[in-house]
Amino acid sequence: MQGTKIKILSTRPVGKALIQGAALHNIVIEEISFITTEKNINIVTGGEIEQLSKQSINAVFTSMNAVEAVKSFIQPPSSWKIFCIGNTTRKLAESIFGKKNIAATAGNALHLAENIISDQSIKKVYFFCGNQRRDDLPEKLTANNISVEELIVYKTIQTPQKVTQQYDGILFFSPSGVHSFFMKNAISYETQLFAIGTTTADALKPFSKQDVIVADMPGKENLIAKAIDYFSKTQVS
């Protein structure tokens, strides 16, 4: 692309390398966080995780924040069977539990639930999650006679703030980020919205008349690649 630069707002940090990569395509990415997360493990939960780390369990992670929260309580080698969402979460889980422990990865909660259900040996899972987790996965598993024990290991805090300029595109990474952004902001029809997955896209639908563009696979790299591809095709040289 030539000429006027495309301006994109990322509603969470994506890192210097991805910003520089986008700049090669005449795209400027500005980072403004609309949520923060923090570990939320008390003595009782921490002790339970330490005991579980010595057992063979089916562990579910739908966020890298949950993996980060529990990693200091894990005593290797672990025999956990890991089910997780997204490439970033999978890579972090691999670094802690080992690649052989990753049983399945999916693009969204319902597809992950289907992977778990397909393993007929599974009767119970431990779901490590945040305080604002969605119901999709536990409801699907419970409906298929799989017991779900939830351990809340981090909390999400919305940090809404007003943005003062218009963007050609906005990147969203979670329903919480969507809600936080639109608490103080509205968008013009010309602003294209991008979502990291279908759950986030569903959260965006009430706020935009345009179709939300969804990353082919969860991951900030995939979402930015999708935005670059979109603007490369739609902008006049």
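In what follows, residues are counted from 1 in the order of the sequence shown. Just the heavy atoms: all of them, side chains too, but no hydrogens, waters or symmetry mates, feed the values below.
- A donor-acceptor pair under 3.5 Å is formed between the side chain of Thr89 and the backbone N or O of Met64.
- One distance of note links CZ of Phe128 with SG of Cys84; it measures 13.0 Å at 0.5 Å rounding.
- Residues Asn58 and Lys124 form no side-chain contact, since every pair of their non-hydrogen atoms from C-beta on lies 4.5 Å or further apart.
- Taking the charged nitrogens against the carboxylate oxygens, Lys226 and Asp229 have no contact shorter than 4.0 Å, which rules out a salt bridge.
- A ring-centre distance under 6.0 Å is not found for Phe34 and Phe172.
- Note that CD of Gln161 and OG of Ser33 are 8.0 Å apart. Values are rounded to the nearest 0.5 Å.
- For the pair Ser79 (side chain) and Gln55 (backbone), a donor-acceptor distance under 3.5 Å is present.
- Between Thr11 and Leu171, the shortest heavy-atom contact is OG1-O, 2.7 Å.
- How far CG of Leu52 is from CZ of Phe73: 12.0 Å, rounded to the nearest 0.5 Å.
- Interatomic distance, CG of Asn26 versus NZ of Lys7, reported as 12.0 Å (0.5 Å rounding).
- Not a single donor-acceptor pair under 3.5 Å links the side chain of Asn65 to the backbone N or O of Glu38.
- Atom CG of Asn42 has more than 12 neighbouring heavy atoms from other residues, nucleotides or ligands inside a 6.0 Å radius.
- Hydrophobic clustering (side-chain heavy atoms under 4.5 Å, transitive across Ile, Leu, Val, Met, Phe, Trp, Tyr) keeps Val163 apart from Ile27.
- With rounding to the nearest 0.5 Å, the separation of CG in Leu137 from SG in Cys129 is 9.5 Å.
- In this structure, Ser232 contributes its side chain and Ile228 its backbone to a donor-acceptor pair below 3.5 Å.
- Summarising the geometry of Lys39 relative to Ala69, their closest heavy-atom pair is CD-O, 3.3 Å, with the distance given to 0.1 Å.
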Salt bridge (charged side-chain N to carboxylate O under 4.0 Å, His left out) evaluation trace for Asp135 with Lys140: CA-CA 8 Å; Asp135 295 330; Lys140 180 80 170 179; over 6 Å; no
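- Ile102 and Ile57 fall within a single hydrophobic cluster, where Ile, Leu, Val, Met, Phe, Trp and Tyr side chains are chained together by heavy-atom contacts under 4.5 Å.
- Judged by distance alone, with hydrogens and angles left aside, the side-chain atoms of Thr191 form no donor-acceptor pair with the main-chain N or O of Ile187 at under 3.5 Å.
- Hydrophobic clustering (ILVMFWY, side-chain heavy atoms < 4.5 Å, transitive): Leu141 and Phe127 are in one cluster.
- With hydrophobic clusters built from ILVMFWY side chains whose heavy atoms lie under 4.5 angstrom apart, Tyr126 shares a cluster with Val67.
- Remark: Ile43 CD1 is loosely packed, at most 12 non-hydrogen atoms of other residues, nucleotides or ligands lying under 6.0 Å away.
- Counted by atom type alone, Glu30 and Tyr167 present one or more donor-acceptor pairs between their side chains at under 3.5 Å.
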Residues Glu31, Arg12; criterion salt bridge (charged side-chain N to carboxylate O under 4.0 Å, His left out); working and verdict: CA-CA 6 Å; Glu31 301 171 320; Arg12 59 156 280 189; over 6 Å; no
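- Ser118 and Asn115 are not linked by any side-chain donor-acceptor pair at a separation below 3.5 angstrom, with hydrogens and angles left out of the test.
- Formation of a donor-acceptor pair under 3.5 Å by the Glu68 side chain with backbone atoms of Tyr154 is not found in this model.
- Nearest heavy atom pair, residue Phe61 against residue Ala59, reads CE1-CB, 4.0 Å.
- One hydrophobic cluster, built from ILVMFWY side chains closer than 4.5 Å, holds both Phe207 and Ile32.
- Remark: the backbone N or O of Ser121 is paired with a side-chain donor or acceptor of Asp119 at under 3.5 angstrom.
- Looking only at atom types and distance, the side chain of Gln132 has a donor-acceptor partner in the side chain of Ser176 under 3.5 Å away.
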Pair Ser208-Gln210, side-chain hydrogen bond (donor to acceptor under 3.5 Å, both in side chains): steps then yes or no: CA-CA 5 Å; Ser208 176; Gln210 290 192 29; 5.7 Å; no
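- Ser10 contributes no side-chain N or O that, together with a main-chain N or O of Pro13, makes up a donor-acceptor pair within less than 3.5 Å.
- Rounded to the nearest 0.5 Å, atoms OG1 (Thr200) and CG (Leu193) are 11.5 Å apart.
- Side chain of Asn222 to backbone of Met217: a donor-acceptor contact under 3.5 angstrom is found.
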